[in-house]
Amino acid sequence: MSLPRLTHGVRQALRTQRRTFSSTLLRPAEAQAAEVKSLGVVGAGQMGLGIALVAARSAGVPVTLVDSNQASLDKGLKFADTLLAKDVSKSRMRQDDADKARAFLRPTTRMEDLDRVDMVIEAVPEILSLKTSIFAQLAQICPSHAVLATNTSSLSITTLAASTTKDPNDMSASSRVLSTHFMNPVPIQKGVEIISALQTSPAILATALEFCRRMGKVPSTSADTPGFLANRILMPYINEAIICLESGIGDRDSIDAIMKNGTNVPMGPLQLADFIGLDTCLSIMKVLHEGLGDSKYRPAVRLRSMVEAGWLGKKSGRGFYEY
Ligand SMILES: NC(=O)c1ccc[n+]([C@@H]2O[C@H](COP(=O)([O-])OP(=O)(O)OC[C@H]3O[C@@H](n4cnc5c(N)ncnc54)[C@H](O)[C@@H]3O)[C@@H](O)[C@H]2O)c1
């Protein structure tokens, strides 16, 4: 059907859709970044604590660190003390700068304390219903200009953005949602993926990019699709290595040695899978397989059976290697 024969309403919808799709590969350079003067982080676990510490240390902003569990906050701050002391002992930081960074970390169990932040990064466990309820709260609590970011590894950013409102046409909060997907461990890895939802505005993307650079990170941008960029590329690589193992093309040591020594990476794919956790690898492969519907993303049978056996890699003491 040619475009001139479409009704006015359909033409209008197509124009909106074209605008929306082009906004998923936004041109942040065309938008003005706002300065983030204070940050909120929800979830003081492995990732949230790292994000909070790097923001306080490198970007020099106060961080309201929210966790529903006081024990997680205590454990996280103790870990921050250890990391800062290490920075000082290795002359990477002066003691007064470490003290200043530590003083920027403001722990709380109350979400309401996020009522003045310019940006918030959510890093609670990878459970969709938990994250959607947090985003609905953030839309109510945070100031109306605040960037609302998630650190999700695999969930749809567009779904999280939609959970900020009951009216999909009201984009006052959903246009402020995107993903800042930091890599683990946050204080060490420079890469961060910035993923725009269908609703994300160019100004919010520009602000998030600028803030990640202030944190000393090197951001990449991508659209909201299963696996985003890093896992879309990394996980099929790991999965293919497991298929090579299960089909007898090469043994464990040969597979890891050729990739380690042949591509100049610190570890081969099977050892890397053990470090990430085989359950995590399996769940990301399932997201790719289901979300993209292509058989090339089928999880390796050996990966499934190792997870069924409880051999999850380094964290369980046994994976492709023993720990
Ligand atoms: N661990 C990784 O390697 C990694 C890498 C990239 C992204 N991610 C993603 O980052 C997110 C966090 O992962 P993690 O490994 O840091 O998890 P984690 O389990 O170490 O920490 C989660 C924290 O959230 C807290 N929490 C739970 N419910 C809460 C609530 N309602 N309000 C406030 N705090 C709450 C928990 O007490 C815990 O301290 C996940 O979405 C994960 O997929 C993880």
Side-chain angles (χ1 to χ4, degrees), residues 40-55 63-80 83 105-114 117 120-138 140-142 148-157 159-160 163 177-195 212 215 217 219-220 222 224 226-235 238 267 272-288 312-315:
V41 172
V42 185
Q46 203 179 353
M47 298 304 290
L49 189 275
I51 294 165
L53 180 61
V54 175
V63 183
T64 305
L65 181 57
V66 185
D67 201 296
S68 50
N69 182 351
Q70 183 64 46
S72 291
L73 284 172
D74 296 341
K75 187 174 160 208
L77 291 174
K78 211 170 149 202
F79 188 51
L83 292 179
L105 297 178
R106 297 169 187 173
T108 174
T109 53
R110 287 167 32 93
M111 288 284 283
E112 292 74 19
D113 292 338
L114 296 168
V117 298
V120 60
I121 302 175
E122 164 280 309
V124 301
E126 194 78 342
I127 302 165
L128 180 62
S129 58
L130 175 61
K131 291 201 191 258
T132 53
S133 89
I134 295 228
F135 272 87
Q137 289 176 65
L138 292 176
Q140 296 298 318
I141 294 168
C142 297
L148 309 176
T150 173
N151 195 53
T152 181
S153 306
S154 60
L155 301 173
S156 156
I157 319 301
T159 303
L160 296 180
S163 67
V177 175
L178 48 54
S179 168
T180 50
H181 182 211
F182 288 85
M183 306 287 135
N184 188 16
V186 184
I188 291 173
Q189 305 287 19
K190 278 198 169 303
V192 54
E193 278 188 283
I194 313 285
I195 302 132
C212 287
M215 287 176 72
K217 301 299 175 196
S220 296
S222 77
D224 184 21
F228 316 129
L229 275 183
N231 285 327
R232 174 89 174 252
I233 297 167
L234 179 67
M235 285 303 156
I238 287 175
M267 56 183 91
L272 179 59
D274 274 1
F275 274 77
I276 293 171
L278 301 190
D279 50 344
T280 304
C281 294
L282 178 59
S283 77
I284 296 172
M285 281 313 295
K286 284 180 178 168
V287 166
L288 292 177
L312 307 181
K314 190 163 186 280
K315 64 184 168 189

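When a ligand or atom number is given, it counts from 1 through the structure's own listing order. All values below were derived from every heavy atom in this structure, side-chain atoms included, with hydrogens, water molecules and symmetry-related copies excluded.
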Discussion item. Could you check whether Lys315 pairs with Asp274 (Lys NZ or Arg NE/NH1/NH2 to Asp/Glu carboxylate O, under 4.0 Å)?
Written reply: no

Discussion item. Treating Ser179 as the side-chain partner and Thr150 as the backbone partner, does any N or O pair qualify as donor plus acceptor under 3.5 Å?
Written reply: yes

Fill in: Short side-chain to backbone donor-acceptor contact, Asn184 and Met47, under 3.5 Å
no

Worksheet item: Of all heavy-atom pairs between Ile121 and Phe182, which one has the smallest distance, and what is that distance?
Response: CD1-CE1, 4.0 Å

Response to the item:
Protein neighbours of ligand 1 with a heavy atom under 4.0 Å, given by chain and number, are Val42, Gly43, Ala44, Gly45, Gln46, Met47, Asp67, Ser68, Asn69, Ser72, Ala123, Val124, Pro125, Glu126, Leu130, Lys131, Ile134, Asn151, Thr152, Ser153, His181, Phe182, Asn184

Practice prompt. Look at the side chain of Glu126 and the backbone N and O of Ser153, then say whether any donor-acceptor pair between them is shorter than 3.5 Å.
Written response: yes

Discussion item. Does Gln140 have more than 12 heavy atoms from other residues, nucleotides or ligands lying within 6.0 Å of its CD?
Written reply: no

